[in-house]
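Have a look at the structure below before the remarks.
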Amino acid sequence: MSDCPGLVLPIFNESTWHVGLRATLYLITMIWCFLGIAIVADTFMCAIEKITSKTKVVKIADSDVKEGIRDVEVKVWNDTVANLSLLAFGTSAPEILLNVIEICGNSFKPGKLGPGTIVGSAAFNLLVISAICIVSIPKDEIRRINVIPVYVVTTVFNLFAYVWLALVLMVITPNVVDLWESIVTFLLFPALIIVSYAVDKGCCCAKNNKTSSEVEIGIGPKAVEDIDHCPDASAEEERAEIIHLAKELGRNREISEEKAAKLAAAKIAQGEHHSSMWYKVNARRGFSGGHKLIPKINSTLKELYENVKMRQSQMLSDIASTASINFIDLSDGGTTAVVEFTASSCAVLENEGKVRIGVRRMGKMDIPVTVLVETIDGTADAGSDYKPLKEYVEFAPNESLREVYVEIVDDDIWEPDEFFFIKLYLPEEKKQSDVVIGKVSINQITIINDDEPGKFEFSKPSYIVRESNSTAQVIIKRINGADGSVSIKWKTTDMSAKHNVDFIGGQGDLTFNHGETSKTLSFAIMDSMLPERDHSFQVEIFGPDGGAQVGKIGKTIVTLVTDAEFDGLVSRIANQTKQNLDGIRLDTSSWKQQFHEAMNVNGGDIDEASAFDYIMHFLSFFWKAFFACIPPTSIGGGWVTFVVSLLVIGLLTAVVNDLATIFGCLIGLKDTVTAITFVALGTSMPDTFASKLAAINEKYADCSIGNVNGSNAVNVFLGLGLPWLLAACYWEAKDMQFDYPAGSLGFSVVIYLTCACVAIFVLLVRRKMSMFGNAELGGPVKAKWATVFIVFILWLLYIVISSLEAYDLIEGF
C-alpha cells in the first residue's frame with residue numbers, strides 16, 4: 001500500500017502504522033470532513049436564502065383602496081428559478097466542486113471519484129430518500145405532489161440528463177467528450193430553469209392553474225399575475241398568530257411567561273410552510289448539535305399545551321351546541337377539581353314534597369371527590385318548612401354530576417314565599433389539596449305557594465367583561481314563579497362588537513326545568529388585534545312558552561373592555577415569542593451572533609439540549625468555530641457569504657477527494673465503488689434527514705421528493721457540464737481531443753436509468769391507484785412497506801451490479 005497517494009495525514013505511512021489502522025483513521029477523518037461540509041453548507045444556504053429573499057415594491061390594482069392602486073412588496077426571485085439555480089447549486093455544491101477540483105487537479109484528465117459520486121448520489125436520492133419518505137408518513141396519512149407540471153418537467157430532465165450522459169460517453173463520440181457536447185451539457189442547465197419557469201407561470205397549462213408560488217400564498221393568476229410572494233402578508237399573519245397564542249397561553253396559570261413564549265415560537269415555527277432549503281438547513285443543524293430552526297419543547301410543556309387546546313376546543317364546542325353553559329374556570333388549567341351547584345337558585349312548590357339540587361364537578365376528573373352539603377335557614381325554618389340536611393356527596397372518578405334532595409314540609413297554613421339556603425363545603429376530615437369549591441357554592445331555594453310559570457329577565461341591564469376572560473357570561477333569572485318546564489329564546493345583536501370577530505354569539509333556546517330559577521349564557525371572546533378595546537353587543541330574550549312572560553330587563557348590553565394587566569402579560573409573551581422566532585431565522589446578522597451560536601450547544605438553548613446535541617456539538621465544535629469567521633449574510637446582501645463559503649466548501653471537498661482516494665486504496669476498493677457508496681452517502685445524508693422532516697411536516701410531497709429530480713439533473717448539467725467545458729476548452733486550445741473513457745461510469749449510468757424508470761413508474765402507480773392511497777407518499781401500511789421494499793431493492797441492485805462490473809466480475813458494455 002506504499003503507492004497510495006495522499007496529502008492529508010502524511011505521517012500515517014506503511015512503515016509506522018498498520019494498514020487497517022490507517023484505513024480506519026482516514027474513514028473517521030472523511031466522515032468528520034463530511035460533517036464540516038454539511039455545516040459550511042448550512043452557511044452557504046443561508047446566504048442563498050438571503051439572496052433569493054430580496055424584495056421589490058410593485059404596484060397592483062386594488063379596488064379596496066381609495067386610489068385603486070396599492071404598493072406590494074414582492075420577492076425578486078421566482079421560487080422555481082431559485083430552487084433550480086442557487087438552491088440546487090447549494091445542495092449539489094460538494095458533488096459539483098468535487099468534479100471540478102478532480103479534473104482540474106488531474107491536468108484536465110477525467111477522474112473516477114467525481115463522476116461516480118454524481119451517479120451514486122442520484123441513485124441514493126431517487127431511490128433511498130424516496131423510500132424513507134414513503135415510510136415516514138404517519139399512519140393513515142398521505143402526501144401528494146402538488147405542482148405536477150414542474151414535477152413532470154424536472155422528472156423528464158432528470159431522465160434525459162442521464163440518457164444524454166450515456167449518449168455522449170458511448171454513442172455519439174464514444175470515450176471522447178467534444179467541445180460542442182460539453183457546451184450542450186452545460187446549456188441544458190439554463191434550459192431546465194427556463195422551461196420550468198415557463199411551466200410554473202402557466203405558459204404551457206390552462207390559465208386557471210395556479211403556479212407553485214401562488215399555491216403557497218393562496219392567490220390565483222387573475223389576482224396577481226407576476227407576484228411570487230408577499231412578505232408583508234406573511235409578517236401580518238405571523239403577528240396575529242403570535243398575539244393569539246400569547247393570549248391563549250397567558251390565561252393558563254401553570255405556564256410561565258418564558259415557557260409560554262417558547263411554546264408559542266415552537267408552534268408557529270412548526271405550523272409554517274417551509275422551503276426545501278429550510279428543511280436542509282434544519283436537518284444539518286439537527287445532527288451537528290447546532291441552533292435548530294424549531295425550538296425544542298419538552299414533553300411536559302407539550303402536554304400542558306395540548307391540554308389547554310383540548311379544553312378550549314371543548315368549551316367552544318359546548319358553547320356552539322348548547323345555550324346553557326355555567327362555566328367559570330377555577331381548575332388551574334385542569335389540574336384541580338372544581339365542585340359547585342349547577343344553579344345559584346331554584347324554587348319549589350310547597351306541595352312538591354322535595355326539591356332536587358344538582359351538584360357538578362369540572363376540571364380534574366380522574367380522581368374521586370367528596371364534598372359536604374348543608375342547609376341553612378333563611379325566612380324558612382328547618383323542621384317547620386323543610387327538613388334540615390347535612391350529608392356527604394361523593395363523586396367517583398370521571399363522574400361529573402350528582403344530585404341531592406331536600407324534603408319540603410307541606411302544611412295547611414298560608415304563608416308568603418319563603419327561602420332557605422344550601423351550602424357546599426370541603427369537609428375538613430376528608431379535605432383534598434387538588435379540590436376546590438367553585439363560584440356557585442350557595443344555592444337559594446324558594447318555597448312558593450302558587451303554580452305560576454314565572455317571568456324571565458336578566459340579572460342586570462349591562463355587563464362589563466375584561467378581555468382576560470375567555471368567555472362573557474350573562475345570568476337570566478326566573479322570578480314570580482317556577483312551575484313547570486319553560487323555554488325562552490335568546491339572540492345576540494351586533495353593536496360595535498361583531499359576531500365571529502369579537503365574540504361568538506348567535507341565537508338559540510334556553511330551557512328552565514321545573515323549579516329552576518337561574519341560568520347562565522356564555523359567549524366566547526375572540527382575540528382582538530386592537531391596542532384598546534371597548535366594544536359592545538346586545539343580548540335579548542323573547543318568546544317564552546308555557547304561559548311565562550319576559551320581565552322588565554329583557555335586554556342587556558355586554559361590553560368587552562381592555563384588561564391592562566392581562567394586556568401587559570400578553571405583550572411580554574408576544575415580544576419574547578418574537579425574539580425567539582428572530583433567533584431561529586436562517587441567516588445571522590452579525591459575527592457576534594455567529595460566534596455565540598457556534599460556541600454554545602443547541603445555539604444557546606441549553607435547557608432543551610439533548611445528550612446527542614452535546615456529543616455532536618463537541619465533535620463539530622472546531623468546524624462551527626472556524627466557519628463562524630465567514631462574513632454574516634447582513635454584509636453585501638448575502639453575496640459575500642456566498643462566495644467565501646463556496647471557497648471553503650471547495651477546499652474541504654478537495655480534502656475529502658484526497659481522503660476518499662487514499663481510503664479506497666488502503667482497503668483495495670476501486671474509486672468507482674468508493675464514489676457510489678461512501679462518498680455518495682456522505683454527500684446525500686443531510687438531504688435524507690431534510691426530506692424526511694419535510695415529508696412529515698408539509699401538506700404536500702413537493703419539498704421532500706419533488707425536488708429530487710431537479711437536483712439530480714443539475715448534478716449532471718453543472719457537476720459534469722462545467723468540468724467538461726473547462727477540460728474541453730483546455731484540450732481544444734492544444735488542438736487535442738478530450739478523452740473520457742466511459743468504462744464503469746457508462747455501465748453505472750445505464751443501470752441507474754433502468755432503476756430510475758422503474759422507481760418513477762412505481763410512484764406514478766401509487767398516485768393513480770387507491771390501494772396506495774392515490775398519493776406518492778404514505779397510504780395503507782402494507783402497500784407502503786411493499787413500495788419501500790421495491791424501491792430499496794432497486795438501490796441495492798444498482799450498487800451490487802455496478803460494483804460487480806467495476807471488478808470485472810460481470811461484463812459491461
Side-chain angles (χ1 to χ4, degrees), residues 79-80 83 124-156 158 199-200 205 208-218 220 267 269-280 282-283 286 294 306 309 313 684 687-712 755-795:
D79 286 339
T80 297
N83 285 341
F124 187 90
N125 291 343
L126 180 59
L127 303 175
V128 177
I129 291 181
S130 295
I132 291 174
C133 290
I134 290 170
V135 78
S136 297
I137 305 302
K139 185 179 180 181
D140 299 327
E141 293 185 21
I142 60 171
R143 303 287 187 274
R144 292 165 56 90
I145 296 293
N146 186 39
V147 188
I148 286 294
V150 174
Y151 177 73
V152 170
V153 170
T154 55
T155 301
V156 171
N158 170 38
V199 171
D200 185 43
C205 308
N208 60 349
N209 287 344
K210 292 186 177 182
T211 68
S212 60
S213 306
E214 291 163 349
V215 168
E216 287 187 12
I217 60 176
K267 290 299 176 183
Q270 289 172 356
E272 289 178 340
H273 165 70
H274 302 292
S275 66
S276 58
M277 177 169 61
W278 186 94
Y279 284 105
K280 293 179 191 297
N282 190 56
I294 297 181
E306 295 301 329
K309 292 292 293 181
S313 176
S684 299
D687 293 340
T688 305
F689 292 104
S691 295
K692 178 183 177 182
L693 189 62
I696 295 172
N697 292 327
E698 290 292 316
K699 290 172 60 178
Y700 303 106
D702 300 74
C703 280
S704 51
I705 64 168
N707 292 323
V708 167
N709 291 311
S711 179
N712 287 349
C755 295
C757 289
V758 175
I760 292 171
F761 177 75
V762 168
L763 292 177
L764 177 63
V765 169
R766 284 184 55 87
R767 185 180 182 90
K768 295 297 182 181
M769 295 187 65
S770 58
M771 65 177 292
F772 296 102
N774 293 114
E776 288 82 0
L777 306 182
V781 175
K782 291 183 179 179
K784 179 166 63 176
W785 279 102
T787 309
V788 169
F789 177 78
I790 293 172
V791 176
F792 189 74
I793 287 297
L794 288 173
W795 180 71

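Small disclaimer: the values here were computed from a predicted structure and weren't measured. Only this structure's heavy atoms are used, side chains among them; waters, hydrogens and symmetry mates stay out. Count residues from 1 along the sequence.
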Closest approach of Ile142 to Gly779 (non-hydrogen atoms, all atoms of both residues): CG2-N, 3.6 Å

side-chain hydrogen bond (donor to acceptor under 3.5 Å, both in side chains) contacts touching residues 781-790 (sequence neighbours left out): Arg766-Thr787

Those residues that, when tested against Val156, pass side chain to side chain contact (heavy atoms under 4.5 Å, CB included) (two or more places apart): Val152

Inter-residue atom distance Ile132.CD1 - Lys692.NZ, 0.5 Å rounding: 7.5 Å

Closest contact, heavy atoms only, Ala695 versus Ile137: O-CD1, 3.2 Å

Min side-chain heavy-atom separation Phe124-Thr688 under 4.5 Å: yes

Atom pair CD1 (Ile696) and SG (Cys133), whose distance is rounded to the nearest 0.5 Å: 8.5 Å

Reported CG-to-CG distance for the pair Leu126 and Leu763, which is rounded to 0.5 angstrom: 7.0 Å

Partners passing side chain to side chain donor-acceptor pair (under 3.5 Å) against Ser136 (at least two apart in sequence or in another chain): none

Side-chain heavy-atom pair Cys755, Leu127 within 4.5 angstrom cut-off: yes

Expected output: side-chain Arg144 to main-chain Ala701 donor-acceptor under 3.5 Å: no

Spacing of Asn146 atom CG and Asp702 atom CG [to the nearest 0.5 Å]: 5.5 Å

Donor-acceptor contact present, side-chain Ser704 to main-chain Ser691, <3.5 Å: no

Contacts of Arg767 that satisfy salt bridge (charged side-chain N to carboxylate O under 4.0 Å, His left out) - sequence neighbours left out: Glu776

With Tyr151 via ring pair (Phe, Tyr, Trp, His ring centres under 6.0 Å) - residues at least two apart: none

Beyond-backbone contact of Ile705 with Ile145, side-chain heavy atoms, under 4.5 angstrom: yes

Nearest heavy-atom neighbours spanning Met771 and Ala783: O-CB, 3.4 Å

Salt-bridge present (Glu141, Lys139; N to O < 4.0 Å): no

CD1-CZ distance between Ile134 and Phe789, expressed to the nearest 0.5 angstrom: 14.0 Å

Residue pair Lys768 / Asn774, side-chain heavy-atom distance below 4.5 Å: no

Side chain to side chain donor-acceptor pair (under 3.5 Å) against Ser684, all qualifying residues, sequence neighbours excluded: Asn125

Distance in Å, Trp795 CH2 paired with Ile793 CD1, rounded so as to fall on 0.5 Å steps: 11.0 Å

